[in-house]
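To keep things clear, I will list the structure first and then write my remarks on it.
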Amino acid sequence: MKRRFAALLVPALLVLAGCTATAAPERAATGPDRAPRPSPFADCATLADPPGTAPTGTAPAPTGSVAPSGPAAPTGSAGAADSGGTGSSPAPAGGGGSLLPELVLSCFTGGAPVTLRDIQGPAVINVWASWCPPCRQELPAFQRLSVRAAGQLQVIGVNSRDSRDGAQAIGEDFGIRFPVLFDQGEALQRELRRTAVPLTLLVDAQGRVRHTDTSGALDDARLAELVRRHLGLAVPA
């Protein structure tokens, strides 16, 4: 009787062992080692190329996006209050404004890190985080600006003090496609001596910060006005 019971028990144990062996790979496939979702953001390879040029920097884009001519705008320092006025004016020439900090940040999509001073302006740099309600409110306006002003300026995001999953989810939900740098340690904010987000920098073609905006969530009209006033560019509606 005992021998008969043992003979029945051995096949049952082998069946159990086979189920465990086949189940383990399935758990691994759905665990922390699974492949990450594709990033919604653009890569950062073209940030060192002037707006409107081919990625290699050798083929110029059509020349219809030159800043309008006219009297020079006020040359106040970065972060100064808006000077008012309704006319179209080019970005100040020569001095005024400070260069972007000498920082190197990683690109959200990977690849080579980006040196901020290598970014070719004009550019609008938006510092944001997924946990910041005004940031979420204004991000779609920056995406629309990146489409309307393509060839005139670069729109760049800097995701600050955030998780990759949180930032990726916001990018997916809101359809954000412009390049995003990852600044988990708030290095850029510390260099600028700014603590709050959202934070927006308007950078001219010489790499100088012409305006730092901390007024809260920006909409399409306000963004277009800031770009016109501080960078001298008329963004199509």
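Residues: numbered from 1 along the sequence shown.
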query: Within the side chain of Glu138, is there an N or O that forms a donor-acceptor pair under 3.5 Å with the backbone of Leu218?
result: yes
message: To check you understand the geometry: which heavy-atom pair defines the closest contact between Pro179 and Leu47, and what is its length?
response: CG-CD2, 3.9 Å
- prompt: Just wondering, do Pro198 and Cys132 contact through their side chains at under 4.5 Å, heavy atoms?
  reply: yes
field: Main-chain N/O of Gly166 paired with Ser163 side-chain donor or acceptor, under 3.5 Å
entry: yes
- prompt: Which distance, rounded to the nearest 0.5 Å, do you find between the CD1 of Ile170 and the CG of Asp165?
  reply: 12.0 Å
query: For the side chain of Glu102 and the backbone of Thr115, is there at least one donor-acceptor N/O pair under 3.5 Å apart?
result: no
- request: Run the salt-bridge test on Asp213 and Arg222 with the 4.0 Å N-O cut-off and return the result as yes or no.
  value: yes
Distance in Å, Leu201 CG paired with Ile156 CD1, rounded so as to fall on 0.5 Å steps: 10.0 Å
query: Do Leu199 and Val158 come within less than 4.5 Å of each other through their side chains, counting heavy atoms only?
result: no
task: Evaluate the side chain to side chain contact (heavy atoms under 4.5 Å, CB included) criterion for residues Leu103 and Asp183: first the C-alpha distance (whole Å), next the side-chain angles of each, then the deciding distance (0.1 Å), finally the verdict.
output: CA-CA 10 Å; Leu103 286 178; Asp183 185 16; 5.6 Å; no
- prompt: Is any side-chain heavy atom of Val114 less than 4.5 Å from a side-chain heavy atom of Leu105?
  reply: no
task: Measure from the side-chain N and O atoms of Asn159 to the backbone N and O of Ala167, and report whether any donor-acceptor pair falls under 3.5 Å.
output: no
- line: Heavy-atom nearest pair, Gly157 first then Trp128, reads CA-NE1, 4.0 Å
- prompt: Are side-chain N/O atoms of Thr109 and Asp43 paired as donor and acceptor at under 3.5 Å?
  reply: no
message: Just verifying a value: how many Å separate Leu223 CG and Arg228 CZ, rounded to the nearest 0.5 Å?
response: 13.5 Å
message: Could you measure the distance from the CZ atom of Phe174 to the CG atom of Leu139? Nearest 0.5 Å is fine.
response: 7.0 Å
- prompt: Does the Arg117 side chain pair with the main chain of Leu100, one donor and one acceptor, at a distance under 3.5 Å?
  reply: yes
- prompt: Roughly how far, to the nearest 0.5 Å, is CG of Leu226 from CZ of Arg210?
  reply: 15.0 Å
- prompt: Atom CG of Asp49 and atom CG of Asp118: how far apart are they, to the nearest 0.5 Å?
  reply: 10.5 Å
task: Take Arg148 and Asp220 through the test side chain to side chain contact (heavy atoms under 4.5 Å, CB included) and record every step on the way to the result.
output: CA-CA 10 Å; Arg148 294 199 308 270; Asp220 296 83; 3.1 Å; yes
query: Nearest heavy-atom pair of Leu181 and Cys44: which atoms, and what distance?
result: CD2-SG, 3.8 Å
message: More than 12 heavy atoms of other residues, nucleotides or ligands under 6.0 Å from CD of Gln184: yes or no?
response: no
- prompt: Are Arg164 and Phe182 in a cation-pi setup, meaning NZ or CZ lies under 6.0 angstrom from the ring centre and within 45 degrees of the ring axis?
  reply: yes
- prompt: So, does Glu172 use its side chain to make a donor-acceptor pair with the main chain of Pro40 at under 3.5 Å?
  reply: no
message: Ring-plane angle category for His230 and His211, please: parallel below 30°, perpendicular beyond 60°, tilted otherwise.
response: parallel
Minimum heavy-atom distance Val235-Gln152, with the two atoms named: CA-OE1, 4.3 Å
- prompt: Shortest non-hydrogen contact from Gln189 to Ala196?
  reply: NE2-O, 3.8 Å
- prompt: If we only count heavy atoms from C-beta on, is the Val124 to Thr200 side-chain gap below 4.5 Å?
  reply: yes
message: Determine whether a donor-acceptor pair (N or O, by modelled atom type, separation under 3.5 Å) exists between the side chain of Asp162 and the backbone of Ser130.
response: yes
- prompt: Is Ile125 reachable from Val147 through a run of I, L, V, M, F, W or Y residues, each pair having side-chain heavy atoms under 4.5 Å apart?
  reply: no
message: Could you tell me if the side chain of Phe178 sits less than 4.5 Å from the side chain of Gln154, heavy atoms only?
response: no
- prompt: Looking only at heavy atoms, what is the nearest atom pair of Phe108 and Ser39, with distance?
  reply: CD2-OG, 3.7 Å
